[in-house]
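Per chain, numbering begins at 1; letters A, B, ... match sequence-line order.
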Amino acid sequence: MKSLLPKTYTPADYEEDVYYKWESSGFFNPDNLPGPRKKAFSISLPPPNVTGKLHIGHAVMLAYQDIMIRYHRLKGEKTLWLPGMDHAAIATQSVVEKELNKEGQTRYDLGREKFLERVNKFAEESKAVIRSQIKATGASLDWSREKFTLDKDLSRAVRIAFKTMYDDGLIYRGSRVVNWCPKCQSTLSDDEVEYQETEGKLYYIKYGPITIATTRPETKLGDTGVAVNPKDKRYKDLIGKEIDVNLASPLRSSSSEASHKIKVKVFADRAVDQEFGTGAIGVTPAHSQQDAEWAEKYNLDSIKIINEKGIMTDKAGKYQGLSVLDCREKFVSDLEKAGLIEKVEDYTNNLSICYRCDTPIEPLPSKQWFVAVNKKIPGRNKSLKELAGEVVKKGDIKIIPDRFNKTYFQWMDNLRDWCISRQIWYGHRIPVWYCLMCTDEKNDLTVNIKNNNLGITAEEAIIKRGTSVEPIVSIERPDKCPKCGCKDKNKILQDPDTLDTWFSSALWTFSTLGWPASAKATAGKPQKIGDLKTFHPTSVMETGYDLIFFWVARMIIMSLYLLKEIPFKTVYFHGLVRTKTGAKMSKSKPETCIDPLAMIKKFGTDALRLSMMVGATPGNDVRLFEEKIAGYRNFVNKLWNISRYILSSVESIKRPKIEDLPRLRPLGIVSMPTRHGGELVAERSGQVRSMTLADKWILQEFHQIVESTTKNIEEYKFSPAGEELYEFTWSKLADWYLEIAKIEGDTSTGSTHSKDDILLYILERLLILWHPFCPYVTEVLWDEFKPGELLMIQKWPCVNDQKSAIDNQVKKDFSLIQKIITSIRNTRAENKIDPKKVYSCLIRTKKNMLIEENKAVIEGLAKVRITPKCSGIEIHLNEAEIVLDIKENNELKKNKEKEIVNLKRYIEIQEQKLANQNFTSKAPQEVIRQEKEKLEQARDKLDKLLS
RNA sequence: GGACGCGUAGCUCAGCUGGUUAGAGCGCUUGAUUCACAUUCAAGAGGUCAGAGGUUCGAAUCCUCUCGCGUCCACCA
């Protein structure tokens, strides 16, 4: 054995070297793993955004996934964990824009090309930072397969996906009211809109014969209708009529500028709530999705009065050029002057805001690209939505915890067409081109250039907003216009927009495995080759429940559509990390955030990982704080010292080199206890010796923990797995067995019960069991144990049924020994006697042999000397009576009285229970037997206490 | 408005396919400590399992309602 390990484990001294050792071994790559490994196990890492650094949420997901990956690798499976990062379009672009702003510039100053260079540079730097931070968490990712959503091949996958969908009619360009963020200068999908309760006003405005109520008076300048409920008697006569409304006073000023006349059509729709406001709603088709739907249904005009910058357009008359809020103020004041405001109430409304920048969303009409989710897919007679709902309903994809099934279905059922075009520069540019020679507007290139402040060329602006330009959808830039044959590159322009970042993320499980090159298109299911064939569908998708809609649902949609198979078999949702008081950790309040890297530095990666896993239930949030992490740091140190003790004790008693010790069996087969002439024995170099009760007990407990850990991990019960292993390691192995081993295994006193083989046998396998949870410390210890070997590719222990059968007698007997020891210790402590003194002690029991066999253990651990005769304090256990040679003090007497009262009460309860005929006739025999036994034991004990 | 989660020891949480005198870690109290570990060891105190009904021989666990906390979805203009 090498030099002794230090007393305390200092993670920072080892972790980097260990990771280097793992990575350079090549075993993160499944192709290099030893053995046949027929079964594959794969996880695609949810790609972190290249926006900065790792946060605690990443650490959680990495921990869960690494546990699964390491477990399956140890199980002998072909295990792939594929890393990558997401370009995170808007998020990344806005980080860089902020940097630019600090330098006094905007992206428009740089221009598209220069700006993208800058973002790419930032992304590359960010990737390097994140990569090293991920490594710090111990994640055993196959870096040779690392991907980035903007990689060449992945970008091509995106374009192919787009074209395939376009050709199938599942992607279309349409003019609709979209969610527009005036700050990001882009559309957002419905899922990217968040809601915030805001104190506002509800204005009652006189609309000719009708009064309407609104929270956004300025939009009334674009009203073309008034909606009422069909049952509402107040407005019955007006339904179907068109009314003229003048939204300013003609009295004060005679100039036409001062008045704003609109024509509104009154219609009835059941969706209108009669109770709200006046029961009449001004309808603004251009600036509300709901109103736009009505406009289509009731054939209303749409007047765009707010532009992309949040400024009133020329259609707003004299308010043109004002910001929305300025316009509201001015307009309300004008209305007031004109006497058109009936009243103003305080009102709390749910303001829609951008999930990235919290800016209020401005719904406005725009020509954008959409994914049609309700349209039947040609040849499949199902829509994307139906496809994605089905696989979860049928159970092809299992969601853990299953309550998220409901969330999933609800979202899927209500899903509307997905707006995928974004007006930002960073991302996958839409694979669509337009031929200027084919458009009627080719002569209008100079028109409206002044209004173009979107940072795109005038040509692009016209193309994008134009109506008559035929899109050319193509995977690569077309050489010529398929329609007119024009070959002039300057006349064939690409759509300036980019795709929603979630569009590329939706392809993640397969675009990273070589799709589409690795999937030959055939009439039926695409034929897969290479990695795609081996690793897709992936085994598990592990992510936070906050991504269920953004990402998980969309991956399911895309995989089913493009590959005709599910992207993953199981979805495991972990909870979000919160502070000790349950508050959300938010980037805007750095003081609330736990920095995973700081914790790793302070307590070690293993401790951080355990603190995030143990005590957490799937889908429920976890509260994390330093004391908790420190607790697991202590545990890791305990494991360290257990190993240190075992390894050094083996050496100290002059064991031969570890290699020379009898190998019980090759790893992977637990074979320790064998029956030999009816007696459990250890096999060692042909020599047979009997095992003590403690030996049998710890081996039995160990085999149970091998089984339960395996089962727990297989069933995604990571927290119970960790808890049970923790309990075994600390309470059973360290606190009991090691202490006993010190006594029984002390060969210097003539004992013949050397524990070396059992200790090494357990330690070897225990390190493997712990490895998925705390990879670093176990690997360091393994190296001390078996220098030159790598723990991460050992074989996971398994137990065959026969060997793991529980011998209840062993359990009972050992439990009695424990109780005897504990009760003596307890009595000693309560009587405040000399802790060092060895007292005489008499044990009366039917199991004399048992006491005799474990005499040394009892004497050693309870600090007593067992004698045939003794008087003093009596301790009454169910199966034994103990007399300790010490004088009783008052405190103990009080305790005794208390115990008598408790026992009497308990006996009464048990008697009543057993006297109840309903109980005895209906409860199972086994339960009745147990209850009777408990009653008997309680009575015995009471008798003894009273005697 | 709809759906979901949570409310168990001072704190953070397990347990919840019904049957233990309800568990863990931290904290607290008492004591120990060359001999693996003070990031330790031994012992202890501390809970009418949010409340009220119900089902059952039996409920922390199943059902109903109430209260409190939180989340998601929809959205009223």
Engineer: So, under a plain 3.5 Å distance rule, would you say the side chain of A/K863 forms a donor-acceptor pair with the base of B/A32?
Structural biologist: no
Engineer: Quote, to the nearest angstrom, the C1' distance that separates B/A22 from B/G46.
Structural biologist: 13 Å
Engineer: Could you tell me whether the side chain of A/K628 has a donor or acceptor atom within less than 3.5 Å of a complementary atom in the base of B/C26?
Structural biologist: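 There is none.
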Engineer: Would you measure the distance from the C1' atom in B/A43 across to the matching atom in B/G7 and give it in whole Å?
Structural biologist: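 Comparing C1' positions in B/A43 and B/G7 gives a spacing of 33 Å.
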Engineer: Do other residues, nucleotides or ligands put more than 12 heavy atoms under 6.0 Å from A/Q917 CD?
Structural biologist: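 Counting neighbours around CD of A/Q917, 12 or fewer heavy atoms of other residues, nucleotides or ligands fall under 6.0 Å, so no.
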Engineer: For this output row, return yes or no: ring centroids of A/Y14 and A/Y9 closer than 6.0 angstrom.
Structural biologist: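 Aromatic pair counts; centres sit under 6.0 Å.
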Engineer: Taking the nucleotide of RNA chain B with the closest heavy atom to each, which residue, A/G282 or A/T8, is nearer the 5' end?
Structural biologist: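 Checking each residue's closest nucleotide, the 5'-ward one belongs to A/T8.
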Engineer: What's the CG-C1' distance between A/L351 and B/C75, to the nearest Å?
Structural biologist: 13 Å
Engineer: If you measure from the C1' atom in B/C69 to the same atom in B/C26, how many Å do you get, rounded?
Structural biologist: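 The same atom, C1', in both gives a distance of 23 Å.
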Engineer: Any base atoms under 4.0 Å from A/F635, or only sugar-phosphate, or nothing? Heavy atoms, all strands.
Structural biologist: nothing
Engineer: How close or far is atom P of B/C75 from atom CG of A/D291, stated in whole angstroms?
Structural biologist: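 Whole-Å distance recorded here is 12 Å.
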Engineer: Is there a side-chain contact between A/I758 and A/Y737 (heavy atoms, below 4.5 Å)?
Structural biologist: yes
Engineer: Any idea which of B/C57, B/A36, B/A14 is nearest the A/T617 side chain?
Structural biologist: B/A14
Engineer: What is the ring orientation for A/W294 with A/F267, classed by angle as parallel under 30°, tilted 30 to 60°, or perpendicular over 60°?
Structural biologist: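 Taking A/F267 first and then A/W294, their aromatic rings stand perpendicular (interplane angle over 60°).
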Engineer: Base, sugar-phosphate alone, or nothing: which one does A/I642 contact when heavy atoms must sit under 4.0 Å apart?
Structural biologist: base
Engineer: Need one value for A/R633: base, sugar-phosphate or nothing, where a base atom within 4.0 Å counts as base even if backbone is also close, heavy atoms only.
Structural biologist: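 Base: the residue A/R633, judged by heavy atoms under 4.0 Å, touches a nucleobase.
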Engineer: Could you tell me how far B/U29 sits from B/C13 if I compare only their C1' atoms? Round to whole Å.
Structural biologist: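 Looking at atom C1' only, B/C13 and B/U29 are 23 Å apart.
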Engineer: Contact list please: residues 904-920 of chain A against RNA chain B, heavy atoms, distance less than 4.0 Å, in numerical order.
Structural biologist: A/Y906, A/N916, A/N918, A/F919
Engineer: Using whole Å, report how far NZ of A/K836 lies from P of B/A43.
Structural biologist: 19 Å
Engineer: Given the structure, check if the side chain of A/E739 and the base of B/A36 hold any donor-acceptor pair shorter than 3.5 Å.
Structural biologist: yes
Engineer: Distance to the ring centre below 6.0 angstrom and angle to the axis at most 45 degrees; does that hold for A/K742 and A/Y645?
Structural biologist: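 Yes; both conditions hold, so A/K742 lies above the ring face of A/Y645.
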Engineer: What is the distance from OH of A/Y408 to P of B/G2, rounded to the nearest Å?
Structural biologist: 26 Å
Engineer: Rounded to the nearest angstrom, tell me the gap between atom CG in A/D413 and atom C1' in B/A3.
Structural biologist: 13 Å
Engineer: Base, sugar-phosphate or nothing for A/D621? Non-hydrogen atoms, less than 4.0 Å.
Structural biologist: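 Answer is nothing: A/D621 stays at 4.0 Å or more from every strand.
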Engineer: Measure from the ring center of A/F550 to the ring center of A/Y355 and say whether it is less than 6.0 Å.
Structural biologist: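 For A/F550 and A/Y355, the ring centres are under 6.0 Å apart.
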Engineer: Picking from B/C13, B/A43, B/U39, which would you name as closest to the side chain of A/R623?
Structural biologist: B/C13
Engineer: Starting at atom CZ of A/R825, determine the distance to atom P of B/C41, rounded to an integer number of angstrom.
Structural biologist: 11 Å
Engineer: Side chains of A/P217 and A/I205: closer than 4.5 Å at any heavy-atom pair?
Structural biologist: yes
Engineer: Give the nucleotide from the list B/G19, B/A36, B/A77 with an atom nearest to the side chain of A/P924.
Structural biologist: B/G19
Engineer: Please report, rounded to the nearest Å, how far the P atom of B/G19 is from the CD atom of A/Q930.
Structural biologist: 11 Å
Engineer: Between A/F276 (CZ) and B/C75 (P), how many Å, whole number?
Structural biologist: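 Result: 15 Å.
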Engineer: Rounding to the closest angstrom, what is the interatomic distance between B/U20 and B/A60 at atom P?
Structural biologist: 9 Å
Engineer: For residues A/M585 and A/T579, determine if any side-chain heavy atom of one lies less than 4.5 Å from a side-chain heavy atom of the other.
Structural biologist: yes
Engineer: Base, sugar-phosphate, or nothing for A/S288, non-hydrogen atoms under 4.0 angstrom?
Structural biologist: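 Contact class for A/S288: none.
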